[in-house]
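Written out below as structure tokens is the structure these notes cover.
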Amino acid sequence: MRYFNTEGICKPDVHYMVRLDNRLREIRRLYIDRGKYFVINRGRQYGKTTTLMALADDLKDAYAVLPMDFQRISSSSFADEHVFSEKFIEYFERLFLQREHLKEYLCQDAVRALTEQKNKGSVSMDLLFAGLSRLCGTAKRPVVLMIDEVDSASCHEVFIEFLAQLRAYYLDRENSPLFHSVILAGVYDIKNLKRRIRPDKERRYNSPWNIAADFDMDMSFSAVQIQKMLEEYEADRHTGMQVAAVADEIEQYTSGYPYLVSAICKVMDEKLLDTLFATSSEDIWTREGIGEAVKMLLDKRLPLFDSMMRQISEYPDLKQMLYAMLFQGETFAYNPDHPVIELACMFGYMKNSNKTVQVANRMFEMRLYNLFLSEQELSSTMSRLAKREKNQFIKEGKLDMYRVLEKFTEYFEDIYGSKGDKFLEDSGRRLFLLYLKPIINGVGNYYIESQTRDARRTDVIVDYLGEQFVIEMKIWHGNEYHERGERQLAGYLDDYRLKKGYLLSFHFGKNKKPGIKKVRIGDKTIIEAVV
């Protein structure tokens, strides 16, 4: 029986996965058939290797495909051009022996001549490419070279020489035949060689890879693609899930990041049944089940999250930018020439959304909020108070959000009421999250609705044991703006099929009246707290 896979390559006959047929067809039509050289650079665990392997299999009917993985070549193989050339030929020999279609499409004499060069010893880069040119020129089908995990090679100067040779032959392909198409895959963008992972090890080269075509294909999964994958699962398992609704909710959390999509499904399929959360599949494949799976993943040391945390710690400017975006509602224009923005987008942690920079998906954002809040939790008076009195907010297993806001308002005034307006405006929302987090920790989830987050307004969505709460946090900007916010929140509740919402206003004027009250807007009840 097939299963959801998060370790290595996904195969449709073994795993439940988003079908890649349309993507492969487009890559073939737009790039391979047109003889393009290009780079697939995406964040970690973004499906690059799965796509390459599927593409290699798809192309075998018309091309001689050489799929290489530079992780299989040790770092000592890049010592100089002679060692690299010999190791490259050895790799080619293994491929030739393993893949039957290569024996059919490639000229035996050209293969023999190339391998004999290695046996003579001291193969220069020039001789390597002369042999490859003869191989491609005599092949019965166009030859396609794929190299996965080029990050492991791109810090070596001999690899730059290798790219330079590819470029020279590409420009003179009519007279000096070589590969019909070349695909490089990795996290870093080889076209802009190359910022090393650690700032103290930065090195830049003038990249010889300026011949590469832009590869701007969207490799994230849409809700429709996720739905088709879940339909295959449902046909096998008969859970009774509302497939379209479940697919849409998963896409909302992940923005289609391939690893995160599979990880959520894997947890729901393998981890939730017969836990305190669920006793049947009907309980699992729901919005609440997705929230529970997300909570479990956010509590784990996943390599994807570890990589993000490492980058943040190594680049203080990136951390500062993220903090300002998440807690202060600041917006930053997307600029590909800004080194921090370039790096974050290349790694897939941030994205260009309508010419502004945003965190790439809700799960990354939740992990970042947890990081920033945990760094301040030990020194936060609000967190200590919330932990001390946590039990008063939970009644018969339900979260009393009215009581949460009531006590927050009381403590906020007592502790911070005399602080300056600038401190309160910058810190108010952070202090509320510091207060909320220990109350729901271990049971509930929260996330920030990114579409409403700005310097004036932030909406927090809280899930607690299947019950949902919408809390709008606003900076007070007069009665008219406040009343418009009340109506806005009432309309927003319709999206969540809720009758009750919560409004927390940070008022820095002289006429402020701290406290909490109920307001009716149509058939909606708004619990308003002012601090």
Side-chain angles (χ1 to χ4, degrees), residues 43-44 195 199 220 251-257 260 294 298 304-377 380 382 421-437 445-462 470-475 477 485 488 492 504-506 508:
R44 302 191 188 284
R195 193 187 324 286
S220 62
E251 195 278 335
Q252 290 293 316
Y253 273 102
T254 64
S255 295
Y257 200 110
L260 295 175
V294 167
L298 291 174
L304 181 61
F305 293 148
D306 285 347
S307 177
M308 181 170 66
M309 295 302 121
R310 186 169 60 252
Q311 297 301 325
I312 289 170
S313 67
E314 291 177 351
Y315 290 90
D317 289 346
L318 174 59
K319 187 173 185 178
Q320 183 179 355
M321 177 184 292
L322 288 166
Y323 186 91
M325 289 168 58
L326 297 180
F327 287 101
Q328 296 165 352
E330 290 191 30
T331 58
F332 295 90
Y334 174 75
N335 181 356
D337 297 321
H338 191 293
V340 172
I341 293 175
E342 177 199 26
L343 189 81
C345 291
M346 184 172 64
F347 275 97
Y349 308 142
M350 299 170 75
K351 62 182 179 181
N352 175 13
S353 178
N354 297 320
K355 298 183 179 180
T356 62
V357 180
Q358 288 188 1
V359 179
N361 59 67
R362 187 185 291 173
M363 288 186 70
F364 283 171
E365 194 169 273
M366 294 167 76
R367 186 77 178 214
L368 289 168
Y369 272 112
N370 289 343
L371 168 70
F372 289 129
L373 293 175
S374 65
E375 289 179 341
Q376 302 174 37
E377 196 170 348
S380 170
M382 298 300 278
D421 290 356
K422 182 59 179 173
F423 167 83
L424 296 176
E425 187 166 345
D426 287 347
S427 306
R429 287 178 283 200
R430 173 175 56 83
L431 290 169
F432 176 71
L433 293 175
L434 279 167
Y435 188 73
L436 174 68
K437 187 173 182 289
N445 248 338
Y446 74 94
Y447 64 88
I448 309 301
E449 180 53 72
S450 59
Q451 293 179 344
T452 65
R453 183 187 57 233
D454 58 31
R456 291 190 169 194
R457 172 187 177 194
T458 298
D459 291 337
V460 183
I461 315 299
V462 177
V470 177
I471 309 156
E472 182 174 321
M473 295 187 288
K474 299 176 76 74
I475 306 296
H477 289 283
Q488 217 171 32
Y492 193 44
L504 175 58
S505 296
F506 296 92
F508 309 121

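Every heavy atom of this structure was used, including side-chain atoms; hydrogens, water molecules and symmetry mates were not. Numbering starts at 1 and runs along the sequence shown.
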Might you work through the side-chain contact (heavy atoms from CB on, under 4.5 Å) test for Tyr447 and Glu365, ending with a clear yes or no? CA-CA 8 Å; Tyr447 64 88; Glu365 194 169 273; 5.9 Å; no
Could you go through the side-chain contact (heavy atoms from CB on, under 4.5 Å) check for Ile471 and Asp459 one step at a time? CA-CA 6 Å; Ile471 309 156; Asp459 291 337; over 6 Å; no
Working for side-chain contact (heavy atoms from CB on, under 4.5 Å), residues Leu368 and Tyr349: CA-CA 10 Å; Leu368 289 168; Tyr349 308 142; over 6 Å; no
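Atom CD of Gln320 has 12 or fewer neighbouring heavy atoms from other residues, nucleotides or ligands inside a 6.0 Å radius.
Under the side chain to side chain donor-acceptor pair (under 3.5 Å) criterion, Tyr257 pairs with no residue at all, not counting sequence neighbours.
A distance of 11.5 Å separates CG of Leu433 from CD of Glu377, quoted to the nearest 0.5 Å. In this structure, the separation between OH on Tyr253 and CG on Asn445 is 5.5 Å, given to the nearest 0.5 Å. Rounding to the nearest 0.5 Å places CE of Met363 at 11.0 Å from OG of Ser255. To the nearest 0.5 Å, the span separating CG on Leu504 from CZ on Arg429 amounts to 10.0 Å.
Taking the side chain as every heavy atom from C-beta outward, His338 and Val357 never approach each other to under 4.5 Å. For the pair Asn370/Tyr446, a side-chain contact is recorded, criterion being any heavy-atom separation below 4.5 Å from C-beta on. A 4.5 Å side-chain heavy-atom check between Leu322 and Phe332 finds every atom pair outside the cut-off. Glu449 is listed as a side-chain neighbour of Arg362, based on a closest heavy-atom distance under 4.5 Å.
Judged by distance alone, the side chain of Arg44 and the main-chain N or O of Phe347 form no donor-acceptor pair under 3.5 Å. In terms of modelled atom types and a separation under 3.5 Å, the side chain of Ser313 and the main chain of Arg310 share a donor-acceptor contact.
Remark: the Tyr323 side chain and the Arg430 side chain contain an N/O donor-acceptor pair separated by less than 3.5 Å.
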